[in-house]
**Q** 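Dropping a structure here in structure tokens format, bear with me for questions.
So that the names make sense, note that chain A is the first sequence line, chain B the second, and so on, each numbered from 1.
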Number of protein chains: 2
Amino acid sequence: MNSRNPAPRSRRERPAKPALSYEGIVATAVGVMRAEGLQRVTMRRLAQELDTGPASLYVYVANTAELHAAILEELLGAVDLGPVSAAGDWRDRLAAVLGSYTRVLFEYPGLAHSALVARPSGPNYLGLVEALLALLHEGGIPDAQAAWGVDVLLQVATATAAEQSVRDRDIAAEDEHDALVDALRQVSAETYPRIAALGADLVSGAPEQRLAWIFRAVVNGVQATPRQPD
Amino acid sequence: MNSRNPAPRSRRERPAKPALSYEGIVATAVGVMRAEGLQRVTMRRLAQELDTGPASLYVYVANTAELHAAILEELLGAVDLGPVSAAGDWRDRLAAVLGSYTRVLFEYPGLAHSALVARPSGPNYLGLVEALLALLHEGGIPDAQAAWGVDVLLQVATATAAEQSVRDRDIAAEDEHDALVDALRQVSAETYPRIAALGADLVSGAPEQRLAWIFRAVVNGVQATPRQPD
DNA sequence: ACCTGAACACCGTTCAAGT
DNA sequence: ACCTGAACACCGTTCAAGT
């Protein structure tokens with residue numbers, strides 16, 4: 001027994017409190033998120049789960065935002081990037097990857113919302129970016145356009161997932177959305193002629209259909225829009 | 001003096017506490033936001049400002065999200081929708097309206113972030129949607145595409161403003177971004193060939209340039225992408 | 001109907017003090 | 001170096017009671 005490694009407690013006592021570590025904290029955070037949603041992943045809640053005080057976590061994590069980014073990076077591991085070598089149309093495969101990303105975000109309440117601001121920089125996030133860039137490259141999109149386009153694609157996917165998922169779990173958000181739908185329907189044709197003309201079409205369509213169209217439209221735009229117009 | 005209208009206090013006393021009202025609450029909220037940012041617009045802070053307890057506000061406002069949506073709707077009044085009758089290319093005018101929207105969001109810390117989830121349905125928001133639809137109509141974009149496209153345009157504008165504005169005021173967010181930039185630069189060319197090939201271009205460009213390109217690309221995509229492909 | 005005090009159930013973060 | 005207790009400075013929301 002050396003003094004660096006304190007004597008293990010007798011087996012009889014309840015499970016030894018494991019030493020804190022970045023990995024352990026993130027794993028616990030993911031667990032709490034799966035069970036209770038991201039809004040419950042707080043420094044205090046995590047400290048409680050790890051049987052310590054919140055101050056102890058600050059040795060490993062700088063702040064709550066960093067913690068949320070770490071969770072996102074971790075869960076991004078579940079995104080299906082598709083087979084490494086080509087099979088099928090690159091557009092379809094691009095849509096599939098983005099669809100998988102959206103579904104992962106959608107699966108966990110609050111995750112999409114956090115993805116809107118968090119900037120992970122781990123291997124799972126980089127892998128996703130790489131996969132999208134490879135597909136755009138395969139489609140012959142010029143590099144300069146692909147570089148900026150990948151951001152837009154992730155942005156619309158994330159924003160759509162956030163919007164949809166907040167509406168699904170939050171009654172207040174649903175009410176707000178219903179108010180908007182109502183407002184759009186009852187609008188005066190004199191003041192808002194185009195809204196009145198388009199009517200229900202403004203909020204029509206199943207989320208998946210809308211999102212599929214959005215992906216196609218953005219890809220087409222990225223493809224057709226040079227970076228230095230003259 | 002009637003009993004419905006309690007006797008006014010003598011002029012000598014400090015300014016009479018004005019009666020609460022939805023408008024008064026929203027106006028105070030906008031004031032606090034201008035002075036201290038949206039993160040300070042809390043039920044408790046507002047109650048303090050209005051010289052009452054937080055519970056009193058719940059007579060007029062259902063929850064904090066509704067309050068934030070009301071602030072957004074109010075500040076959207078500052079968006080420049082351009083002249084009513086045509087002058088200049090519709091694409092340029094569309095970009096100008098979206099640019100003005102982005103600048104308004106950007107002006108107030110936290111506002112863009114709230115716009116990502118809030119769904120206002122007041123006249124200022126409707127006016128913005130109407131203006132964008134009118135310009136897309138003028139450009140000959142089919143109604144079905146314009147109806148869904150306007151959402152995408154507002155989404156990318158909002159998400160870009162949120163990203164940029166969070167980075168400008170939040171040191172932690174800036175660190176996170178720097179970590180990402182570093183990670184992108186130092187990536188292994190074997191594991192992430194496309195990221196390595198594109199390198200700095202992934203994060204290049206002034207925000208305005210990027211955003212201007214994004215608007216052009218999305219408009220082009222919306223224009224070129226029919227809703228029912230076969 | 002409107003307003004309030006008080007309470008319930010939480011937050012993030014810092015810091016001096018301990019091991 | 002790592003961990004902790006305690007504190008500081010806050011949150012949203014509800015509800016019984018008052019006017």
**Q** Taking only residues at least two apart or on different chains, which pairs with a member in residues 183-193 of chain B satisfy side chain to side chain donor-acceptor pair (under 3.5 Å)?
**A**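 Listed by first then second residue: S188(B)-T191(B).
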
**Q** Set out, line by line, the N/O atom pairs under 3.5 Å between protein and nucleotides 6-11 of chain D.
**A**
residue	atom	partner	partner atom	Å
dC11(D)	OP1	T42(B)	OG1	3.1

**Q** Quick one: salt bridge (Lys or Arg N to Asp or Glu O under 4.0 Å) pairs with a partner in residues 127-136 of chain B, sequence neighbours left out?
**A**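 The answer is none; no pair qualifies.
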
**Q** When rounded to the nearest Å, what value does the distance between P atoms of dC8(D) and dA9(C) take?
**A**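 dC8(D) and dA9(C) have their P atoms separated by 23 Å.
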
**Q** Rounding to a whole Å, what distance do you find between Y58(A):OH and dT14(C):C1'?
**A**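 Computing the Y58(A):OH to dT14(C):C1' distance gives 9 Å.
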
**Q** For E23(A), which residues count as a side-chain hydrogen bond (donor to acceptor under 3.5 Å, both in side chains) partner, sequence neighbours excluded?
**A**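 If we apply the side-chain hydrogen bond (donor to acceptor under 3.5 Å, both in side chains) test to E23(A), skipping adjacent residues, there are no hits.
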
**Q** For Q48(A), give me all partners under side-chain contact (heavy atoms from CB on, under 4.5 Å), at least two apart in sequence or on another chain.
**A**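 By the side-chain contact (heavy atoms from CB on, under 4.5 Å) rule, Q48(A) matches R45(A).
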
**Q** Tell me: CD1 of I25(A) to C1' of dC2(D), nearest whole Å?
**A**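 Going from I25(A) (CD1) to dC2(D) (C1'), I get 12 Å.
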
**Q** With sequence neighbours left out, what residues match A196(B) under side-chain contact (heavy atoms from CB on, under 4.5 Å)?
**A**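 By the side-chain contact (heavy atoms from CB on, under 4.5 Å) rule, A196(B) matches V187(B), A189(B).
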
**Q** Between C1' on dG12(D) and CD on E66(B), what's the gap in Å once rounded to a whole number?
**A**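 One finds 14 Å between C1' of dG12(D) and CD of E66(B), rounded.
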
**Q** Got a sec? Which of residues 26-34 of chain A come in under 4.0 Å of DNA chain D, heavy atoms?
**A**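 Residues of residues 26-34 of chain A that come under 4.0 Å of DNA chain D do not exist, since none gets that close.
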
**Q** Could I get the full list of side-chain contact (heavy atoms from CB on, under 4.5 Å) partners for Q39(B), not counting sequence neighbours?
**A**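 Once residues adjacent in sequence are excluded, Q39(B) has no partner under the side-chain contact (heavy atoms from CB on, under 4.5 Å) criterion.
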
**Q** For V152(A), run the side chain to side chain contact (heavy atoms under 4.5 Å, CB included) check against I214(B), V152(B), T160(B) and tell me which one passes.
**A**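 Of all the options given, the one that passes is I214(B).
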
**Q** Only distances under 3.5 Å count here; give the side-chain donor-acceptor pairs of residues 102-115 of chain B to other protein atoms, sequence neighbours excluded, each with its distance to 0.1 Å.
**A**
residue	atom	partner	partner atom	Å
T102(B)	OG1	L98(B)	O	2.7
Y108(B)	OH	R34(B)	NH1	2.5

**Q** Listing request: all side chain to side chain donor-acceptor pair (under 3.5 Å) pairs with a residue in residues 53-64 of chain B, at least two apart in sequence or in separate chains.
**A**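 Sorted pair list: T52(B)-S56(B).
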
**Q** Looking at Y60(B), I'd like to know whether one of its side-chain N or O atoms comes within less than 4.0 Å of OP1 or OP2 on dC3(C).
**A**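 For dC3(C), OP1 or OP2 has a side-chain N or O of Y60(B) closer than 4.0 Å.
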
**Q** Is any side-chain heavy atom of V156(B) closer than 4.5 Å to a side-chain heavy atom of F215(B)?
**A**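 The answer is yes; the side chains approach within 4.5 Å.
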
**Q** Rounded to whole Å, how long is the line connecting atom CG of N63(A) with atom C1' of dG12(C)?
**A**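 Value for this atom pair: 10 Å.
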
**Q** What residues form a side-chain hydrogen bond (donor to acceptor under 3.5 Å, both in side chains) with Q164(A), not counting sequence neighbours?
**A**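 In terms of side-chain hydrogen bond (donor to acceptor under 3.5 Å, both in side chains), with neighbours along the sequence ignored, Q164(A) is linked to R167(A), D168(A).
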
**Q** Would you write out the dot-bracket form of DNA chain D, 5' to 3', with Watson-Crick and G-U pairs under 3.5 Å, [ ] for crossing pairs, | for pairs to other strands and . for unpaired bases?
**A** ||.|||||...|||||.||

**Q** dT4(C) C1' sits how many Å from L50(B) CG, rounded?
**A**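 The distance from CG of L50(B) to C1' of dT4(C) comes to 14 Å, rounded to the nearest Å.
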
**Q** The side chain of S56(B) lies closest to which of these nucleotides: dG12(C), dT14(D), dC3(C)?
**A**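 Out of dG12(C), dT14(D), dC3(C), the nucleotide with an atom closest to S56(B)'s side chain is dC3(C).
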
